[in-house]
**Student:** 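Please see the structure below; I have some questions.
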Amino acid sequence: ERLVTLVGPELDAVASVLVACSPYLPLLFQGQEWGETRPFLYFTDHAPALAEAVRRGRRAEFAAWDWAPQVPDPDDPATFERSKLDWSRAGGPVLELWRDLLRLRREVPALGNCRRDLTGAGADPERRLVTLERADPAGSRALVVANLGDRPQPLPDPGTLRLRLATQPSLSSRDIPGASAMIWTN
């Protein structure tokens, strides 16, 4: 299953911010950049004997999770059809978010430098907040705050950094809405 179908669009946007702002190259899976919801199932086009062996093997592999009756037949053409991207959905707010995130990576050296040694991360499990602090030797700085909970939470003080992106509007400059993320840079 795709993350957006498991957690919903708000938390999927939060995950996108965390992936894009991490000190690694963000890798997107086909259609993720527009919020594709169709699953990407394992599918094959094997000769009958091999197809049956793969089918049995998959069911046995997933039996421990009680998925065996629900495991799609990898050699069934319908499994392949269910996995095709829905190109009619390409575009929209998720694509705009990814364009904004990638633009910030290009424009803000602290977000684009892939320097783990200049990255700080923190988590507050009680408030369900995740923070990333990114820096660059030339002085660029970024603060990313992600609220994985469903209620607004007080924000850490961004100091002189300015807000560059928010996945949801905030009713208060001192709070971050539930299921949202914000990025500040200098």
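Basis for what follows: all heavy atoms, side chains included, without hydrogens, waters or symmetry-related copies.
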**Student:** Is V19 close to W98 at the side-chain level, that is, under 4.5 Å between some pair of heavy atoms?
**Tutor:**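 A side-chain contact exists here, since the closest heavy-atom pair is under 4.5 Å.
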**Student:** Going by the angle between their ring planes, with limits at 30° and 60°, are F40 and F43 parallel, tilted or perpendicular?
**Tutor:** perpendicular
**Student:** Show the nearest heavy-atom pair for residues V145 and P156, with the distance to one decimal.
**Tutor:** CG2-CG, 3.8 Å
**Student:** How about Q30: does its CD atom have over 12 heavy atoms from other parts shown lying under 6.0 Å from it?
**Tutor:**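 Atom CD in Q30 is crowded, with more than 12 foreign heavy atoms closer than 6.0 Å.
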**Student:** May I ask you to check whether D75 and T44 show a side-chain donor-acceptor distance below 3.5 Å?
**Tutor:** yes
**Student:** Honestly curious: do V94 and L165 fall in one hydrophobic cluster under the side-chain, below-4.5 Å linking rule?
**Tutor:** yes
**Student:** For the CG atom of D73 and the CD atom of E52, what is their distance to the nearest 0.5 Å?
**Tutor:** 8.0 Å
**Student:** Looking at every non-hydrogen atom in both residues, tell me the closest pair between R103 and R164 and how far apart they are.
**Tutor:** NH1-NH2, 3.8 Å
**Student:** Are W34 and L28 packed together at the side-chain level, in the sense that at least one heavy-atom pair is separated by less than 4.5 angstrom?
**Tutor:** no
**Student:** Could you pull out the closest heavy-atom pair between R134 and C21, with the gap in Å?
**Tutor:**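 In terms of heavy atoms, the two residues are closest at NH1-O, 2.7 Å.
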**Student:** Does some side-chain heavy atom of Y42 sit less than 4.5 Å from a side-chain heavy atom of V71?
**Tutor:** no
**Student:** Mind checking whether W184 and L102 sit in one hydrophobic cluster, side chains of I, L, V, M, F, W, Y counted as touching below 4.5 Å?
**Tutor:** no
**Student:** Got a second to check how far K84's NZ is from R38's CZ, nearest 0.5 Å?
**Tutor:** 9.0 Å
**Student:** So, do E36 and D86 sit near enough that their side-chain heavy atoms are less than 4.5 Å apart?
**Tutor:**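 In contact.
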**Student:** May I ask you to check whether N147 and R127 show a side-chain donor-acceptor distance below 3.5 Å?
**Tutor:**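 R127 and N147 do not have a side-chain donor-acceptor pair below 3.5 Å.
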**Student:** Find out if a path of hydrophobic residues (ILVMFWY) with successive side-chain heavy-atom gaps under 4.5 Å connects V14 to L129.
**Tutor:** no
**Student:** Measure the shortest side-chain to side-chain distance between E61 and R59 over non-hydrogen atoms and say whether it is less than 4.5 angstrom.
**Tutor:** no
**Student:** Between E33 and R99, is there a side-chain N and carboxylate O pair less than 4.0 Å apart?
**Tutor:** no
**Student:** Which pair of non-hydrogen atoms, one from A142 and one from L111, has the smallest distance, and what is that distance?
**Tutor:**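 For A142 versus L111, the nearest heavy atoms are CB-CD2, 3.7 Å.
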**Student:** To the nearest 0.5 angstrom, please state how far the CD atom of E81 sits from the CG atom of L41.
**Tutor:** 11.5 Å
**Student:** Identify the heavy atoms of P152 and D175 that sit nearest to each other, and give their distance.
**Tutor:** CB-CB, 4.4 Å
**Student:** Mind checking whether S16 and L97 have side chains closer than 4.5 Å, heavy atoms only?
**Tutor:** yes
**Student:** Do P39 and R82 touch side chain to side chain, with heavy atoms closer than 4.5 Å?
**Tutor:** yes
**Student:** A side-chain contact here means heavy atoms from C-beta on lying under 4.5 Å apart; do S170 and I176 qualify?
**Tutor:**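 Answer no - side chains too far apart.
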**Student:** For the residue pair P23 and T119, what are the closest heavy atoms and their distance?
**Tutor:**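 Looking at all heavy atoms of both residues, the closest pair is CB-OG1, 3.6 Å.
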**Student:** Report the distance from atom CG of L155 to atom OG of S172, rounding to the nearest 0.5 Å.
**Tutor:**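 That separation rounds to 7.5 Å.
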